[in-house]
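Throughout, protein chains are lettered first and strands after them, A, B, ... in sequence-line order, and every chain is numbered starting at 1. Side chains are part of it too, since the values below use all heavy atoms of this structure and drop only hydrogens, waters and symmetry mates.
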There are 2 protein chains.
Amino acid sequence: MVKYQSRTLNSTFAALADPTRRAILERLSTGDSSVSALAEPFDVSLPAISKQLRVLERAGLLVQEKDGRVRRCRLDAQPMKEAVDWIAQYRRFWEDQLESLAGYLEDLDPDDDDVSEDQKPVDSEGRDQ
Amino acid sequence: MVKYQSRTLNSTFAALADPTRRAILERLSTGDSSVSALAEPFDVSLPAISKQLRVLERAGLLVQEKDGRVRRCRLDAQPMKEAVDWIAQYRRFWEDQLESLAGYLEDLDPDDDDVSEDQKPVDSEGRDQ
DNA sequence: TTGATATTTAACCATGTAGTTAAATATAGC
DNA sequence: GCTATATTTAACTACATGGTTAAATATCAA
């Protein structure tokens, strides 16, 4: 019987699993924003966005500061660190796949692998919600 | 109206949001396994595990090969690459927090602080776990 | 005070998820 | 063919999620 770990990994990954929430985070990465400004690009009601923000807040990815009647939303990327660290333990597996391809092509020299694509940003893909 | 991106990010993050599924992946990182061997450490029924495996499979994180009546489960970490690359674009934000602490301690010079860390490769921590 | 603006809460609905037990399917081995 | 083993499918329950509209709350501004 396995005992479970991080509650924060659960909520972080769950928060990131929704494209609306990811878009909100991307928006916040360009600067703080009010709730209604955040909601504006989306074709859903304000309460729907309000709920999404609560999910992000519970995950610790978003902080709201009250400023008059406006709530200023700020990104907090800290929980992403734990998430990326968890995933990183699998890095060798996807790199191994590259290596086995590279190794096949260059007769398997395990020290000379090429990981340059790791710097390539990935978020340029298209739409298929 | 924002149009959404990667379906695979959705399913990858959703798959990783569950601790049972993360434990299954960790187990698979030590080697391939049958379904029943995967299920053994958990206090749930086999059909429950079967469903979790299907979620992992739909996310592309797991591949099943039929081998007689046994199904051999293998990790495929490839989708994690896209996930980690997505998160990595926020790396500077959690690093900035460390820096702002450092900056506070060294009298907060806003022009002289960061940039060098932006070149730091994303995969500096995981390499050879 | 009155009204407009920003945002949340409440009540509701549809769908998805995670579990259950029981039955079905496929295969191995006699 | 018969039986045990490995695994999935079916049918069901309970709860979470993401959306809606309508109403409530808080604050600004006249």
Which nucleotide in the list [options] gets nearest to the side chain of [X]?
X: A/Pro47; options: D/dT21, C/dT7, C/dA18; result: D/dT21
X: B/Ala48; options: D/dG19, C/dT20, C/dT8; result: C/dT20
X: B/Lys66; options: C/dT27, D/dT8, C/dG19; result: C/dT27
X: B/Leu46; options: C/dT21, D/dT7, D/dT20; result: D/dT7
X: B/Val35; options: C/dT8, D/dT7, D/dG19; result: D/dT7
X: B/Arg58; options: C/dT8, D/dT7, C/dT17; result: C/dT17

So what does A/Arg21 hit on the nucleic acid, given a heavy-atom distance under 4.0 Å: a base, only sugar-phosphate, or nothing? sugar-phosphate
NA contact type, B/Ser36, heavy-atom cut-off 4.0 Å: base, sugar-phosphate, or nothing?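 Result for B/Ser36 = sugar-phosphate.
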Can you find a heavy atom in the side chain of [X] that is under 4.5 Å from one in the side chain of [Y]?
X: B/Gln78; Y: A/Tyr90; answer: no
X: B/Leu38; Y: B/Leu53; answer: yes
X: A/Pro19; Y: B/Leu9; answer: no

Send over the distance from B/Arg54 CZ to C/dA18 P, rounded to a whole Å.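 Spelled out: CZ on B/Arg54 to P on C/dA18 is 11 Å.
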Between [N] and [X], is there an OP1 or OP2 to side-chain N/O distance shorter than 4.0 Å?
X: A/Gln64; N: C/dT7; answer: no
X: A/Ser45; N: D/dT20; answer: yes
X: A/Gln52; N: D/dG19; answer: yes

Answer with yes or no whether A/Arg69 presents, from its side chain, a donor or acceptor under 3.5 Å of a partner atom in the base of C/dT5.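 A donor-acceptor contact between them is present.
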Can you work out whether A/Val70 or A/Ala14 has the more 5'-proximal nearest nucleotide on DNA chain D? A/Ala14
Nearest heavy atom decides the nucleotide; on that basis, is B/Ser50 or A/Lys51 closer to the 5' end of DNA chain D? B/Ser50
Membership question, hydrophobic clusters at under 4.5 Å side-chain separation (ILVMFWY): are A/Leu62 and A/Val70 in the same one? no
Give a yes or no on whether B/Trp86 and A/Val55 share a hydrophobic cluster (residues Ile, Leu, Val, Met, Phe, Trp, Tyr; joining criterion: side-chain heavy atoms under 4.5 Å apart). no
